[in-house]
Amino acid sequence: MWNVVAVLGVLVCVAGFQQQYFRVVPRSLRVQEGSEAVLECAVANLAGQVQWAKDGFALGFSSVIPGYPRYTMFGDRRHGVYNLRIVNVTLEDDAEYQCQVGPAQMHKVIRANASLSVISPPTAVEITNHPPNSKIEVKQGETVALECMVKNSKPAAKIVWYRGNVEFKGDKVSKEDVKEIESPNGNPKMTRYTTISRVKFEATSDDDYADFTCEARHEALQRDSPMRSTVQLSVLYPPGAPYIEGYAEGETVRRGQSLELVCRSRGGNPPAQLIWYKNGEQIRMAYRTSGRMSENVLSFKADASDNKARYTCEAKNIMISNTLKAEIDLTVLFAPSHVTISGPSEARVGDPVPLSCSTAPSNPAADIKWLVLGKHHKEASNRTVISPEGGWITTSNITVVVEPNRRSIVVVCHGINAQLTENVVATHTINVLYPPSAPMITGYIPGTTLAAGTVQKLSCISSGGNPLATLTWFKNDKKIHAVTKTTDKSVSSEISIFTNVTDNQAQYRCEATNSATEIPLFETVTLNVHFAPEAVKVRAEPEELKPGIEATLYCDAASSNPPATLTWWRDGIPVQGLPMQLKKGLHGGTVSTIELKLNITKDLNGAVYTCQAMNEVLQRSVHDALALKVLYAPIFDETTPDTTVGVENEPLIIVLRADGNPGSITYTWTKDGLPITQSSYSTSNERILSEGSMLNITRLSRHDAGVYTCEAVNSQGAAIANISVSVHYPASIKFVGQSAIVNPNEDAVLSCTATGNPLTSEHIKWERKGQMLDSKHVTFDPKNFTSHLQILKATRDDVGDYSCVVDNGIGNKAKQDVMLVVKFKPEMDSSPSLVKSASNVGQVGRLTCKCKAAPAPNFTWSKNGAKLPVNTSTKYFAEFHKIDAITYASVLLVNDVTSSDYGSFECGARNDLGFSTTSVKLDITSAPDQVISMMVTNVTHNTVTLEWVPGFDGGLPSWYRIRYRKIYDESYKYEDVLPKNATTYTIGGLERNTDYVFSVMAINKIGQSKYRPDDTKATTLTSSEVGELNVVPTEFVETGDMSKSVTLYVTCSGALLVLLNAAFIACFILKRRSRRLKEQAGQSSKSATIEMYAPSSYNDTMTGETLSSVSEKSETYSQDDGDDRQPPPIPEVPSMPNRHMLSQQTDAYLMDEQGLVIPPPLDYPPPNYAVYEGDHARTLPHPHRHKDISGHNTLGRSAGKQNYAPAPSPMPPLDGSYYNMASDRYLSYPPLISEYLHQQQTGRTPTPPQQYGPQPVPKPHLMNGGVPGGSPSHVASPPLSYGLDALDRQSSGGTLRRQRLDKMAVPPPDVTVLHQGNCAQHPQLPQTPAPVKQPQSILKDPSRHKYGNQYGSPISSSTPQNSNSSQILTVQNLTSDVPQYGTIRKEKKQNVTIDESYNKRSETHVV
């Protein structure tokens, strides 16, 4: 039963089950490349999973298909929609796609296929070798072949050809060719197709301007925007025949009528070129075209030449070889333009006169009519001929007989063109001729004599005649100009004669003629004229004159009437010549000649002889002069010197003068037979040049001295001149020396050999500083130019340098020292720098012993009375040095110095005359000794040059620092001396006419010496001109010196001003001192204030202005922002115990309302604590690179106008000890690091510094934090260790003031004394100091912010807060080797770390 029920249930289920099937079957698509394709697929009763396959490759079930970023499967699973979207379709997507549904339970797999065809339009269509819209030029009848390519389409495109807008078909279009274009990757689906089609036809004229278009047909292209490429044909073909418009054959044209002939030619490519010709001659080429038609328009006015003229129009282009023509012949009617009468215009009575009248060309021919004396003349013969210019010419001839009693006959000719009714007229006049009367001359009476140079007028008159007579004047048959005047019945002609020699016996003739005279009528007159000779000529025979010959001078005068008188002259003096000779001359005159005999000498060269020709009647004369040219050889000027002198290195020019004729003289210069280069052939390196008679030595050398020869040559001979040149040159010393070392009381001789020109005994002098030498003891040897100085009975006092001075007045004088040596026993040098020597343990000690002796001494070294084994052991070595002729030195080298080697060593020196000893002390290295002396060597308006003698250098290389100030200033300025080993220095930037005092101290790695007292004074000059050195050493510089040259009135006035100023200054100082006392009293409850005073005996102080001036005015202490020089390093040192610090709330240096800074005096750099071998100097951090925790820079702050200056630490005590105020013992100075480390390692608390009070010091106020009162100034100072014993040092206290200590011990200038507590009481300080917080910074003057500020450079320190010891931070930037402070950082583990800081890196290492 139950089985049946189960079977029935199954059957019921099976009967209700429906398989999955495609509700929407995928359809094949055809899409264009680049578009989007969607293949639809929808499944009903979906049970399995759906995916798409491409060409059998399953794309997966995910909607995002891996590897196919453009493929997406989208739809709705609930409705069984699984469409495949492909975006940006490419040819790769052309494939067979299948929508697959997988099996599920009882559902079977179902599949449906659909193909995707991708079409791609062509990329380009082009006519091969022809760009789009280009023009193709062919000739008519040529075959045209065009090829069209449609590229890269799928499937292949179709090509259609068009001619114009009409499709081009038929056999002229070839079958299309299709080429497959494979893809670069070889994918066959990416294959594209290029279609090629060709057309071929024969070009005709109808194809001209035709467009041929290739069009691509493709299903991917839109019909309204087809792809096309078009070209245009330009077919070359012949033009059409030309034709003429504007004139018809047989048409009549009148002369002057405007014609316009138009020639046209249609067709032709290129358009025809049209040219007009007239009777075969080209007349117009300009034509215009429009399309394929050419046109040439000829416009003109018709004239006679156009009658029967043939006008031709020719057409041609490149397509024809023979021109095409069109022709017309013109007919033009015209009247004659004129008539012309020809025939004689003069005739006698009764003469027949033939006349002819001719017309100009006329069409038709013209008729001629005659009028004679107003009557028609019918007896005429006419003739007509054709004119070559067109038309006809008519000619008519008549004869007219001259009737008596008529002066003229008028004849008229008429030319008539009957057809045009035009008439032209010509007139002709015939004059009747009569002869004139004979001419008559007036104005001169025959036989009269005229003087040459006068004006004579002659007049000729003739009357009657027709026409009136023409008058012509002749002089000796030569026609001359005349002025003619005419009246009705007569004519006159006048000439003006300016008489001259040619007028004497000249015949003047006047002729009268007219047309009626066959032979001229004339009259003559002959003139008589007196004239002087026009010229006189002087000549010499022979022409070439030389001394010793006889010459004749001839003087020939020109013709004269009456004869001229000749005379000779020389330099205004008459000279008698030979008798005068006469002969007949021109123009009826007489020629005169005279001679003069001369004996030729050289002196006659240039002599001028003058000949005078005088006409006695006219009192006129002429002259001629002849300058004699006598040829002779050159002769040098007698004034030429035989010698000349020049100075070496200066130019020398010698100019000679030679006289000769001819004056073209060639000069040749030689020396010692060798020619000297001429300037025209010289190079730039030539010193000696010749230029004609000039010898030019551009830079004279002593070797140029000698004899120079100049030879002068001309055509007549030669001459020679010798010039001796002496060269002066500065004197110099060749040798100085002593003949031999002499014994005392013997004569000694010093010699000095010199060279120079000139050089005599007067030019060599002997000198000795501080001693006058007797010239009697000086001898001179002129042969070898040696001067000898004899010292009689020479002694030890005569030993020393003697100077040989040679000066011959040229250049600078020469000076050379020679030492006179007389034997004497050794004299030891005990200068401070030699009696001490310093070296540390383990080093090599170097002791120097120096002495003067002659002869050389032998040195011995001993200690404690025992001679040392010098050079015989490894302990002691000695070096022997000869410094000069009498100075010797022995250097003892002590190897591996131990403590037992310290002490005095005895140095002995012995020679033949005695024995001397001295002591040299060997000690450990120390600070240098004070400079021994100082002096001013030069002063200008803004500089002072100083020189000093150094003391002992402490065994180390030392350098120097100069301190200076104005004499009445309290503050100093400082400069470090460079180079370091210099002992002279120039201070610049000083004010004019100002008193300054100067001091100097020495510095080495360990420390520095005291400054010298301010006892060196100098006053700068008023102007920049070189002036007298104004140096006044003074012991007390407060008192100014007055010039002795000042008048009494000025002295009194100056004294009064000084007193007034002193009173004012005293009041100011008292007021300031009282104010300070009040301030100090008001601060008694606070931490004690440390004040430092200037370490000099004159209570000098250092102000804020001075600090500022150190940077602003001293190059040594300031650097610009852009200066990259390495700041001077500062050696690392341990912090010193028991150094004292200011209260961090104390405004120690602030004045009240003025806001001025009054820092402690800044005279000395800080001491160097612990400088050892191997330690590296370090530089304090740069102030701008250390900021507090609030981000504000705690270095170099300012508030309002208040300026702060750092407080430098003065030098420690000079006794070599440093007293610890918290201990009862001395520490070595400088304190050793090993000792400090030992205290920490053994567990002992390092000796802390004593505090100023039992209360802890509050935290400092930061200015940038807004707390008023400014930033604190931290000052460090060593404890008092001068003048007090150990117990006093523990209990003494107080604050130093800037005032003189009258009743108490004055500390040395390099020590600042510090008293604990205040002035009122000195409480016993506790042994365990109260803890004190470390200062965060040391304030710095805001203006001192550069590396180069050598004083007061800030340093930032950081110390553990639980440390109960204060650390001293004292800053002073010096040169790289100057000892500086460092800082020691201490950790809780009591390990000491040396803080190494550089200004350049500006980092603070906090341990």
Hey, is the main chain of [Y] close enough, under 3.5 Å, to the side chain of [X] for a donor-acceptor pair?
{"X": "Thr925", "Y": "Ser839", "value": "no"}
{"X": "Ser1009", "Y": "Ala1002", "value": "yes"}
{"X": "Lys852", "Y": "Asp829", "value": "no"}
{"X": "Asn1004", "Y": "Asp953", "value": "yes"}
{"X": "Thr983", "Y": "Val949", "value": "no"}

Worksheet item: What's the verdict on side chain to side chain contact (heavy atoms under 4.5 Å, CB included) for Leu946 and Tyr964, showing C-alpha distance, side-chain angles and the deciding distance?
Response: CA-CA 11 Å; Leu946 304 170; Tyr964 65 96; over 6 Å; no

Would you mind reporting whether [Y] and [X] have side-chain heavy atoms less than 4.5 Å apart?
{"X": "Ile1003", "Y": "Arg961", "result": "yes"}
{"X": "Ile886", "Y": "Met819", "result": "yes"}
{"X": "Val944", "Y": "Phe998", "result": "yes"}
{"X": "Phe877", "Y": "Val870", "result": "no"}
{"X": "Ile987", "Y": "Thr943", "result": "no"}
{"X": "Asp901", "Y": "Leu922", "result": "yes"}
{"X": "Thr1016", "Y": "Val997", "result": "no"}
{"X": "Pro950", "Y": "Ile932", "result": "no"}

Item to complete: Decide yes or no on side-chain hydrogen bond (donor to acceptor under 3.5 Å, both in side chains) for Thr945 and Thr937, but give the supporting numbers first.
Response: CA-CA 6 Å; Thr945 302; Thr937 58; 4.7 Å; no

Interatomic spacing from [atom1] in [X] to [atom2] in [Y] - rounded to 0.5 Å:
{"X": "Asp929", "Y": "Ser833", "atom1": "CG", "atom2": "OG", "result": "9.5 Å"}
{"X": "Cys849", "Y": "Trp861", "atom1": "SG", "atom2": "CH2", "result": "5.0 Å"}
{"X": "Leu847", "Y": "Ser837", "atom1": "CG", "atom2": "OG", "result": "4.0 Å"}
{"X": "Phe859", "Y": "Cys851", "atom1": "CZ", "atom2": "SG", "result": "3.5 Å"}
{"X": "Thr1020", "Y": "Asn942", "atom1": "OG1", "atom2": "CG", "result": "8.0 Å"}
{"X": "Leu834", "Y": "Ser919", "atom1": "CG", "atom2": "OG", "result": "13.0 Å"}

Do [Y] and [X] meet the salt-bridge criterion of a basic N to acidic O distance under 4.0 Å?
{"X": "Lys875", "Y": "Asp896", "result": "no"}
{"X": "Glu827", "Y": "Lys850", "result": "no"}
{"X": "Asp995", "Y": "Lys1017", "result": "yes"}
{"X": "Glu991", "Y": "Lys966", "result": "yes"}

Discussion item. Around atom NZ of Lys836, are there more than 12 heavy atoms from other residues, nucleotides or ligands closer than 6.0 Å?
Written reply: no

Practice prompt. Please check if atom CG in Leu893 has more than 12 non-hydrogen atoms from other residues, nucleotides or ligands closer than 6.0 Å.
Written response: yes

Practice prompt. Verify whether one side chain among Tyr972 and Arg965 offers a donor that lies under 3.5 Å from an acceptor in the other.
Written response: yes

Worksheet item: If you measure only the distance, is there a donor-acceptor pair under 3.5 Å linking the side chains of Lys921 and Ser904?
Response: no

Worksheet item: Centre of Tyr1011's six-membered ring, under 6.0 Å away, within 45 degrees of the axis: is that where NZ or CZ of Arg963 sits?
Response: yes

At their closest point, which heavy atom of [X] faces which heavy atom of [Y], and how far apart are they?
{"X": "Ser916", "Y": "Pro826", "answer": "OG-O, 2.6 Å"}
{"X": "Val936", "Y": "Val939", "answer": "CG1-CG2, 3.7 Å"}
{"X": "Cys907", "Y": "Met828", "answer": "O-CE, 3.9 Å"}
{"X": "Lys863", "Y": "Tyr902", "answer": "NZ-O, 3.5 Å"}
{"X": "Asp1014", "Y": "Ser999", "answer": "OD1-CB, 3.3 Å"}
{"X": "Thr918", "Y": "Ser830", "answer": "OG1-OG, 3.5 Å"}

Worksheet entry | Audit row: Ile962, Val977, side chain to side chain contact (heavy atoms under 4.5 Å, CB included) steps and yes/no | CA-CA 7 Å; Ile962 294 176; Val977 176; 3.8 Å; yes

Item to complete: With side chain to side chain contact (heavy atoms under 4.5 Å, CB included) as the test, would you mind laying out the steps for Arg1012 and Val931 before giving the verdict?
Response: CA-CA 7 Å; Arg1012 280 194 53 77; Val931 173; 3.9 Å; yes

Item to complete: May I ask you to decide if the ring planes of Phe880 and Tyr888 are parallel, tilted or perpendicular, using 30° and 60° as cut-offs?
Response: parallel

Worksheet item: Quick one: are the ring centres of Trp948 and Tyr960 less than 6.0 Å apart?
Response: yes

Item to complete: Would you please test Ser890 and Glu879 for side chain to side chain contact (heavy atoms under 4.5 Å, CB included) and show each step?
Response: CA-CA 5 Å; Ser890 176; Glu879 298 175 354; over 6 Å; no

